[in-house]
Enquirer: 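Starting off with a structure, shown below.
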Amino acid sequence: MLSKETIGVIKSTVPILAERGTEITSHFYKRMFHHHPELLNIFNHANQQRGRQQTALANALLAAASHIDQLENILPAVKQIAHKHRSLGVKKEHYPIVGENLLAAIKEVLGDAATEEVISAWKEAYQVIADVFINVEQEMYDEAEKMEGGWRFFKPFIVAEKVKESDVITSFYLKPKDGAPVPYFMPGQYITVKITIDGEKYVLNRQYSLSDAPGKDYFRISVKREAEPNQPSGKVSNYLHDHIQVGDELELSAPAGDFVLDVHQLTPVVLIGGGVGVTPLMSMLHSIAKENPARPVTFIHAAKNEAVRAFDKEVKDVVTLLPNGTSFICYDQPIQNGNGDHKGKITKDVLEKFIQPAADYYICGPVPFMKAIVSYLEELKVADEKIHYEFFGPSMLMKQAPLFA
């Protein structure tokens, strides 16, 4: 329990965190990696290079400071972050390292403004916040391990099948090396793939949504080849496409994430995907067809063109199994071969046709796509609690993010 004095000091730092938060977190990461380069085996280097992680952590610090007297208000955000941490193998012993370097970064960036009183208050507050994360994450580790076929950190899987879905997306079917059952997961969840590449100093971790229904003897991930193989954002995807073959071994975390669909609800659901962001929605679509086929489902997918869009036939086949199912495909570029339902991006006018009373909307895709769709739904008076979304990488809109992703 923090004292009133400590809470007051923390809240007094909110304005300066709003102004200089990203400067502090950028210095924090540089400092921590200098003193603890081994943590580069956990962090996503692509997010670091883009500056997204620094901004996201700054937003998380600002949210924690603003709600320091009522941390229960940010518990949903804590759980989302904890899922990321659990999937990356973040451990209790990492938190003191983060705390030490974060406090030092605050002091070094703010200079005289970081008084002894401020540093002391943040040291106390950080421990309280860290304990919340540690406890939530330990519960998640325990839950993942206790499931049938479950495990705690990473486990070897074998590539059982490799399928080209489009010019840029390939699916990998993964089975446990030890022959154990594949644990159940919630439609929409993801796994972390740990990759060791010759010539790379550190292990590379990437999180990929599971793109098929649970209850099978494999996990399926569907990976988009990024354009620049020598940049952090493209190293893993290009390696998977070019070097990983059937029979090869990959290290996986247990499924994680809270962007999930309750398959058994009867209310209508609208699934809206942009590009490869369709992958968790594929899991949801398959799961509805398998477990609750009478549920009204609208599947909307936006892609650049037919060549890069994945799952065309698969979506059609699944939707035919749904008496109340429909699909709507948008292509940015001219539609060829008579395929597709709309030429151009998804606009507010397009979305308005699919607004249904009591429907839930699940959205996933690149950040600009997400911003646009969520904004349109809000303008169309869809209630906040009916809008569910997931970003690739750190969340930029929800002002929260994992320390380690």
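The residues of the chain are indexed from 1 along the displayed sequence. These numbers come from the heavy atoms of this one structure, side chains and all, not from hydrogens, waters or symmetry mates.
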Enquirer: In sequence, state the C-alpha distance, the side-chain angles, and the governing distance for Tyr389 and Lys371, and then conclude on side chain to side chain contact (heavy atoms under 4.5 Å, CB included).
Expert: CA-CA 10 Å; Tyr389 50 97; Lys371 287 183 177 180; over 6 Å; no
Enquirer: Between Asp332 and Lys343, does any side-chain N to carboxylate O distance fall below 4.0 Å?
Expert: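 The answer is no: the pair does not qualify as a salt bridge.
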Enquirer: Are Asp317 and Lys313 within salt-bridge range, i.e. N to O under 4.0 Å?
Expert: yes
Enquirer: Short question: side chain of Thr25, backbone of Phe28 - any donor-acceptor pair under 3.5 Å?
Expert: no
Enquirer: So, does His83 use its side chain to make a donor-acceptor pair with the main chain of Gly257 at under 3.5 Å?
Expert: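 Judged by distance alone, yes, a pair lies under 3.5 Å.
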Enquirer: Is a side-chain donor or acceptor of Lys162 paired with a backbone partner of His241 at a separation under 3.5 angstrom?
Expert: yes
Enquirer: Could you tell me whether Glu137 and Arg86 have a side-chain N and a carboxylate O separated by less than 4.0 Å?
Expert: no
Enquirer: Return yes if some donor-acceptor pair links the side-chain N/O of Ser237 with the main-chain N/O of Glu226 below 3.5 Å, else return no.
Expert: yes
Enquirer: Using a strict cut-off of less than 4.0 Å between a Lys/Arg side-chain nitrogen and an Asp/Glu carboxylate oxygen, indicate whether Glu314 and Arg220 qualify as a salt bridge.
Expert: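 Answer for the salt bridge query: yes.
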Enquirer: Side chain of Asn292, backbone of Val263: donor and acceptor closer than 3.5 Å?
Expert: yes
Enquirer: Between Phe219 and Phe185, what is the ring plane arrangement, given parallel below 30°, perpendicular above 60°, and tilted in between?
Expert: perpendicular
Enquirer: Would you check if the side chain of Trp151 reaches a backbone N or O of Leu252 as a donor-acceptor pair within less than 3.5 Å?
Expert: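 Yes, because the side chain of Trp151 sits within donor-acceptor range (under 3.5 Å) of the backbone of Leu252.
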Enquirer: Here's one to test your reading of the geometry: is the NZ or CZ of Lys91 within 45 degrees of the ring axis of Phe153 and under 6.0 Å from its centre?
Expert: yes
Enquirer: Between the side chain of Lys194 and the main-chain N/O of Leu250, is any donor-acceptor distance below 3.5 Å?
Expert: no
Enquirer: Filter on ring pair (Phe, Tyr, Trp, His ring centres under 6.0 Å), then keep only pairs touching residues 285-330, sequence neighbours left out; what's left?
Expert: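 Checked against ring pair (Phe, Tyr, Trp, His ring centres under 6.0 Å) - neighbours excluded - the pairs reaching residues 285-330 are Phe328-Phe354.
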Enquirer: Does anything in residues 287-302 form a salt bridge (Lys or Arg N to Asp or Glu O under 4.0 Å)? List the pairs, not counting sequence neighbours.
Expert: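 Residue pairs passing salt bridge (Lys or Arg N to Asp or Glu O under 4.0 Å), neighbours aside: none found.
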Enquirer: Does Val9 offer a backbone N or O that forms a donor-acceptor pair with the side chain of Ser12 under 3.5 Å?
Expert: yes
